[in-house]
Amino acid sequence: MPNTLNKSSLEEFVWKPDLFKDKVAFITGGAGSICRVQAELLVLLGAKAALIGRNAEKTEKAALEVDQLSHEPGSVLGIGNVDVRNVQQLKAAIDKTVERFGRIDYVIAGAAGNFIADMTNLSAKAFKAVVDIDLLGSYNTVKAALPELVKSKGSVIFVSATLHYTGTPFQIHVSAAKAGVDALARALAVELGPLGIRVNCIAPGIIGNSEGLSRLSFGTKPEEYTKRVPLQRVGSTKDIANATVYLFSQAADYVTGTIEVVDGGAWNLGTVMGSLPYPDLLLSHQKINSKL
Ligand code: COA
């Protein structure tokens with residue numbers, strides 16, 4: 001798998017090795033391209049982690065691989081057959097994690113669903129599927145983890161996006177869902193702050209080799225986006241992992257309700273999909289003359 005870390009990767013980072021010793025992270029979508037590297041860096045820094053996913057085989061395999069980076073073998077648990085649309089399945093996963101590791105300090109709600117579809121090709125069921133995974137799934141994850149977060153005065157990160165800062169074609173379902181995720185983070189930060197729980201979002205930009213980019217790029221290679229990023233490179237999963245460590249660490253003790261945009265400044269130029277040939281590409285996809 002591209003972009004994964006190894007034991008000597010820690011030398012590339014500025015963090016101290018035992019930063020998350022005795023801490024436990026619960027990560028939905030943890031076997032996916034972005035969240036897996038978030039998990040890897042937390043584990044390299046001493047945390048234990050539960051990776052949660054729908055696909056049992058993929059999730060358990062990823063957990064075994066990430067465990068190779070741990071300070072102590074057996075520090076990473078893979079829990080498959082969990083759909084974030086089902087809060088009971090999430091509660092059972094929380095119980096398994098606590099049974100194994102005794103606590104939960106950090107939650108990453110990273111599970112997401114996406115595909116390219118303009119309004120004329122997007123059924124009500126398809127729109128609902130994405131809103132349910134991204135938005136309801138984020139709510140369900142915190143709902144299930146809340147008793148443990150209260151005990152640990154823990155911290156939550158939602159994985160959001162920048163698509164909804166502008167009107168992004170082919171992404172109305174995700175844009176609506178992620179706008180909801182941002183709102184959820186802000187409101188939860190206010191509600192849970194007095195309990196000592198911090199809630200923030202990370203909004204990744206163009207992340208090379210990520211599953212999201214490969215699904216959404218219309219065949220454009222990551223390098224071709226470089227000029228559209230003020231910092232003149234596409235992002236890496238390590239950039240997202242670094243923001244994760246910052247937000248969970250003591251360095252961010254006074255930071256809650258924020259949306260940490262990690263995109264090299266790109267959204268200020270308009271989102272990448274907004275730069276596709278407009279309206280030609282859109283018109284070529286629309287099913288205006290068939291049943292809508
Ligand atoms: N274009 C248009 N509609 C699509 C679609 C596409 N590419 N892919 C799925 N859909 C529609 C389905 O046709 C269905 O609607 P319909 O019955 O009205 O036709 C609806 O979405 C639900 O599909 P289903 O496969 O039953 O949903 P699911 O819950 O199993 O899957 C998805 C959820 C649709 C988000 C699926 O893409 C998925 O599981 N993705 C997970 C991985 C992922 O997206 N990662 C991206 C990270 S950025």
Side-chain angles (χ1 to χ4, degrees), residues 1-3 27-39 51-59 61-62 80-87 89-90 108-141 157-164 168-182 201-220 222 225 234-237 239-240 262-263 266-267 271-273 276 281-282 284-288 290-292:
M1 176 182 289
N3 275 340
I27 305 169
T28 70
S33 44
I34 289 183
C35 297
R36 171 167 169 160
V37 179
Q38 290 177 295
L51 311 189
I52 315 303
R54 266 199 291 176
N55 181 324
E57 199 184 328
K58 180 180 170 190
T59 306
K61 180 171 179 283
N81 297 317
V82 179
D83 188 325
V84 293
R85 290 170 283 194
N86 184 322
V87 75
Q89 289 178 7
L90 278 164
I108 298 176
N114 198 4
F115 48 80
I116 297 274
D118 72 279
M119 184 65 173
T120 67
N121 286 290
L122 185 68
S123 71
K125 187 176 163 198
F127 180 88
K128 184 175 184 306
V130 170
V131 172
D132 280 356
I133 295 169
D134 292 19
L135 177 54
L136 179 65
S138 296
Y139 163 86
N140 283 343
T141 303
I157 293 174
F158 294 121
V159 180
S160 186
T162 59
L163 298 162
H164 51 294
T168 303
F170 303 100
Q171 291 284 272
I172 59 173
H173 43 327
V174 185
S175 297
K178 297 296 191 185
V181 168
D182 290 358
C201 287
I202 293 176
I206 306 156
I207 303 301
N209 295 322
S210 66
E211 192 183 337
L213 185 63
S214 64
R215 278 170 174 254
L216 307 177
S217 61
F218 283 96
T220 310
Y225 290 120
V234 294
S236 74
T237 45
D239 293 315
I240 307 302
V262 186
D263 76 336
W267 84 266
T271 52
V272 166
M273 295 188 74
L276 293 168
L281 184 69
L282 190 59
S284 71
H285 278 71
Q286 286 171 338
K287 289 195 296 190
I288 295 298
S290 59
K291 64 177 172 66
L292 290 180

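Each ligand, and each atom within it, is numbered from 1 in the order the structure gives. Since this is a predicted model, take the numbers as computed values, not measurements. The basis for the numbers below is simple: all heavy atoms, side chains too, and nothing from hydrogens, waters or symmetry mates.
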### Message
Return the CE to CZ distance between Met119 and Phe127, rounded to the nearest 0.5 Å.
### Response
8.0 Å

### Query
Counting heavy atoms only, which of Asn114, Asp134, Asp83 comes nearest to atom 44 (O) of ligand 1?
Asn114

### Message
List ligand 1 atoms under 4.0 Å from Ser123, heavy atoms only on the residue side.
### Response
15 (O), 16 (P), 18 (O)

#### Entry: Whether Thr120 side chain and Lys287 backbone form a donor-acceptor pair below 3.5 Å
yes

### Task
Show which atoms of ligand 1 fall inside a sub-4.0 Å distance from at least one heavy-atom site of Ile133.
33 (C), 35 (C)

### Task
For Leu122 and ligand 1, answer yes if some heavy atom of the residue is under 4.0 Å from a ligand atom, otherwise no.
no

### Message
Could you check whether atom 2 (C) of ligand 1 has a protein contact, counting only heavy atoms that fall below 4.0 angstrom?
### Response
yes

### Message
For Asp182, is there any backbone N or O sitting under 3.5 Å from a side-chain donor or acceptor partner on Ser160?
### Response
no

### Task
Just jot down the ligand 1 atoms closer than 4.0 angstrom to any heavy atom of Asn121, in number order.
2 (C)

#### Entry: Option whose closest heavy atom lies nearest to atom 22 (C) of ligand 1, chosen from Ala129, Ala124, Ala112
Ala129

### Task
Please work out whether the ring planes of Phe115 and His173 are parallel, tilted or perpendicular, with thresholds of 30° and 60°.
tilted

### Message
Suppose I only count heavy atoms of Gly212 and a 4.0 Å limit; which atoms of ligand 1 are within that range?
### Response
48 (S)

### Query
Nearest protein heavy atom to atom 11 (C) of ligand 1, by residue and atom, and its distance?
Ala126 CB, 3.4 Å

#### Entry: Any donor-acceptor N/O pair, Thr28 side chain to Gly110 backbone, under 3.5 Å
yes

#### Entry: Short side-chain donor-acceptor distance under 3.5 Å, Asn121 and Asp118
yes

### Task
Determine whether any heavy atom of Arg85 lies closer than 4.0 Å to an atom of ligand 1.
yes

### Query
Which is closest to atom 30 (O) of ligand 1 in terms of heavy atoms, Arg54, Glu211, Lys125?
Arg54

